[in-house]
2 protein chains.
Amino acid sequence: MGHTRWLNEEEKRAWSAFTNAHALLYRRIEQRLKRDFGLSGLQYEILARLGDAPNRELRMAELAGALVNSKSGLTYQIGQMEKSGWVRRRSCPSDERAVYAVLDDAGMALLERAAPGHVELVRELLFDALSPEQVRALADGLGEAGRRMTGVPGEADPVRGDCAASAEGGVAAADHPLSRREHQGPP
Amino acid sequence: MGHTRWLNEEEKRAWSAFTNAHALLYRRIEQRLKRDFGLSGLQYEILARLGDAPNRELRMAELAGALVNSKSGLTYQIGQMEKSGWVRRRSCPSDERAVYAVLDDAGMALLERAAPGHVELVRELLFDALSPEQVRALADGLGEAGRRMTGVPGEADPVRGDCAASAEGGVAAADHPLSRREHQGPP
DNA sequence: TACCGGTCGTTCAAATTGGAACATCCAGTT
DNA sequence: AACTGGATGTTCCAATTTGAACGACCGGTA
């Protein structure tokens with residue numbers, strides 16, 4: 001084994017900036033979400049993920065994977081959110097093991113109230129400090145790093161949604177309310 | 001208040017990559033540290049910070065600030081690490097409120113054993129996926145973001161180290177053993 | 001000297017986390 | 001049909017984290 005490839009100054013700066021910025025940012029976000037909506041960061045993320053998932057629902061495992069959280073942790077949080085009436089559990093007839101977390105209307109409403117402030121804060125604290133090139137570098141570089149860590153070779157089709165939500169009240173596959181897109185025309 | 005400046009696609013990618021990469025990376029790092037050295041991520045950071053602090057010591061508040069952790073959390077961890085004999089507390093005569101966390105020899109030795117693998121992992125999972133330009137963008141962009149969040153206007157002198165460690169065994173201000181620097185000559 | 005606003009580190013209770021053990025279930029094999 | 005290797009989600013429990021409350025202390029001021 002070689003003698004450890006230490007980080008050069010630039011890399012040290014990058015690493016330090018990366019961890020530091022994340023910690024600072026996440027802390028601020030959590031505080032505000034908690035103060036304004038009684039939500040933890042994880043809970044907001046859960047709402048958000050479910051919010052723009054196909055039928056506002058995702059399997060526990062998928063959700064846990066997407067959030068990079070432990071299964072048990074998710075079980076706990078979904079439990080909490082269920083008590084609050086933001087989320088509901090649904091089991092799938094075709095696969096008895098599966099459990100779907102479904103976003104309730106109350107949860108969706110909450111998400112819609114919380115999202116603007118959240119996005120605004122992220123923009124203010126992060127994107128307002130970045131040049132367009134830096135944004136691209138983040139997206140590309142960290143995107144690639146993330147991809148490598150998840151082990152995504154050839155885009156093996158997800159196969160999810162075997163057990164589609166069928167008969168249920170009225171709403172079927174409404175469009176995702178929070179996915180507006182505001183062109184902010186690049187030069 | 002304007003109608004929320006939502007994120008464009010590129011920004012969404014960047015944000016998602018940022019949080020995702022961080023979560024993935026941190027999780028891996030924690031697992032390895034725990035497995036190989038029985039250390040948590042936070043504990044490693046504490047060792048590292050103390051390791052290249054002036055006299056291998058830092059005030060509790062400084063440390064907490066640098067780590068972006070709560071005071072109480074740090075109190076707890078330092079307590080744990082003290083039990084393990086990696087760290088020691090020292091109080092300062094000139095300011096009775098202050099408490100310094102001092103890195104013990106055992107802690108330093110542990111740090112020196114853990115650092116290579118840690119750095120190697122960071123390089124492998126993060127830097128190997130980044131181009132030099134991307135590294136620079138991270139360092140600059142996130143550095144700036146972090147600076148803004150900490151509120152660092154005119155580099156107000158830290159004033160720290162009022163109560164310098166004086167009489168103590170032998171070692172005074174030895175050079176920081178872990179701060180080797182390996183030129184990795186840019187083209 | 002006595003007082004005051006502010007800082008420091010610790011304590012406390014309550015909430016969260018994460019891994020291991022567990023019971024169930026699915027798909028492919030024998 | 002019985003068996004096996006792998007997933008799934010939950011439960012359990014110990015470790016950790018958080019913010020608020022607290023007591024001690026500092027520096028400047030009346």
Side-chain angles (χ1 to χ4, degrees), chain A residues 23 26-35 38-46 57-84 87-102 156 158-160 162-163, chain B residues 23-24 26-35 38-46 57-84 87-102 158-160 162-163:
Chain A
Y26 200 69
R27 180 163 285 262
R28 294 268 194 112
I29 288 176
E30 281 230 301
Q31 290 177 335
R32 177 151 332 177
L33 282 174
K34 180 64 77 185
R35 173 165 68 74
L39 281 172
S40 72
L42 178 55
Q43 292 178 327
Y44 176 84
E45 287 232 356
I46 292 175
E57 63 181 18
L58 242 26
R59 284 184 61 155
M60 295 297 278
E62 284 183 293
L63 198 45
L67 299 169
V68 194
N69 264 91
S70 62
K71 293 182 299 175
S72 57
L74 184 60
T75 293
Y76 174 77
Q77 276 305 343
I78 292 294
Q80 296 299 305
M81 298 175 74
E82 209 169 11
K83 285 183 196 166
S84 302
V87 148
R88 190 165 21 94
R89 277 177 224 252
R90 178 172 80 74
S91 56
C92 164
S94 72
D95 186 342
E96 207 54 48
R97 293 170 303 178
V99 171
Y100 281 79
V102 189
V159 186
R160 58 226 277 292
D162 156 24
C163 173
Chain B
L24 253 19
Y26 200 69
R27 180 162 283 260
R28 294 269 195 111
I29 288 176
E30 280 229 302
Q31 290 177 336
R32 175 144 344 171
L33 282 174
K34 180 63 77 184
R35 174 165 68 72
L39 281 172
S40 73
L42 178 55
Q43 292 178 328
Y44 177 84
E45 287 233 355
I46 291 176
E57 64 180 17
L58 242 26
R59 282 184 63 153
M60 295 297 277
E62 284 184 295
L63 198 44
L67 299 169
V68 193
N69 254 281
S70 61
K71 293 182 300 174
S72 58
L74 185 61
T75 292
Y76 174 77
Q77 276 305 344
I78 292 293
Q80 297 299 304
M81 298 174 73
E82 208 168 14
K83 285 183 196 166
S84 302
V87 148
R88 189 165 22 94
R89 278 177 221 252
R90 178 173 82 74
S91 56
C92 165
S94 73
D95 185 341
E96 206 56 47
R97 294 171 302 177
V99 170
Y100 280 79
V102 189
V159 187
R160 57 222 283 289
D162 156 24
C163 171

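Below, each value reflects all heavy atoms present in this structure, side chains not excepted, and no hydrogens, waters or symmetry copies. In what follows, chains are A, B, ... by sequence order, proteins preceding strands, each numbered from 1.
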Please tell me if B:R27 has a side-chain N or O lying less than 4.0 Å from either OP1 or OP2 of C:dG18. yes
Specify the closest pair of heavy atoms between B:T75 and B:M60, including all atoms of both residues, with the distance to one decimal. CA-CE, 3.9 Å
Of all heavy-atom pairs between B:Q77 and B:S40, which one has the smallest distance, and what is that distance? NE2-OG, 4.4 Å
Just checking A:R35: base, sugar-phosphate only, or nothing, at a heavy-atom cut-off of under 4.0 Å? nothing
So which of residues 64-75 of chain A are in contact with DNA chain D, with a heavy-atom cut-off of under 4.0 Å? A:K71, A:S72, A:T75
Going by modelled atom types, is there a donor-acceptor pair between the base of C:dT24 and the side chain of A:R97 at under 3.5 Å? no
Using whole Å, what does the distance between atom P of nucleotide C:dG18 and atom CD of B:Q31 come to? 10 Å
To the nearest Å, how far apart are A:K83 NZ and C:dT16 C1'? 12 Å
Minimum heavy-atom distance A:V102-A:E57, with the two atoms named: CG2-OE1, 3.6 Å
For the pair made of CD in A:E30 and P in C:dT16, what is the distance, rounded to whole Å? 10 Å
Apply side chain to side chain contact (heavy atoms under 4.5 Å, CB included) to the pair B:Q80 and B:I46, showing each step before the final yes or no. CA-CA 12 Å; B:Q80 297 299 304; B:I46 291 176; over 6 Å; no
Show the nearest heavy-atom pair for residues A:L33 and A:Y44, with the distance to one decimal. CD1-CB, 3.5 Å
Figure out the CG/P separation between B:L33 and C:dG18, and round it to whole Å. 15 Å
Within the pair A:R89 and D:dT10, is there a side-chain N or O less than 4.0 Å away from OP1 or OP2? yes
Measure CG/B:L63 against P/C:dG9 and give the value in whole Å, please. 10 Å
Any A:Q77 side-chain N or O less than 4.0 Å from OP1/OP2 of C:dT17: yes
Over how many whole Å does the gap from A:L42 atom CG to C:dT17 atom C1' extend? 10 Å
Mind running side chain to side chain contact (heavy atoms under 4.5 Å, CB included) on A:I78 and A:V99 for me, showing each step along the way? CA-CA 11 Å; A:I78 292 294; A:V99 171; over 6 Å; no
Let me know the distance between CZ of A:R59 and P of C:dC26, rounded to the nearest Å. 11 Å
What is the bend of the helix from C:dT1-D:dA30 to C:dT30-D:dA1 when you compare the axis at one end with the axis at the other, using five pairs each and rounding to 10°? 0°
Does A:Q43 reach the main-chain N or O of A:M81 with its side chain, forming a donor-acceptor pair under 3.5 Å? no
Any side-chain N or O of A:Q80 below 4.0 angstrom from OP1/OP2 of C:dA15? no
All heavy atoms of A:S91 vs all of A:P93, minimum pair found to be O-CD, 3.7 Å
Can you tell me how far P of D:dA15 sits from CD of B:Q43, to the nearest Å? 12 Å
Nearest non-hydrogen partners of B:N69 and A:R27, listed with the distance: CA-NH2, 3.7 Å
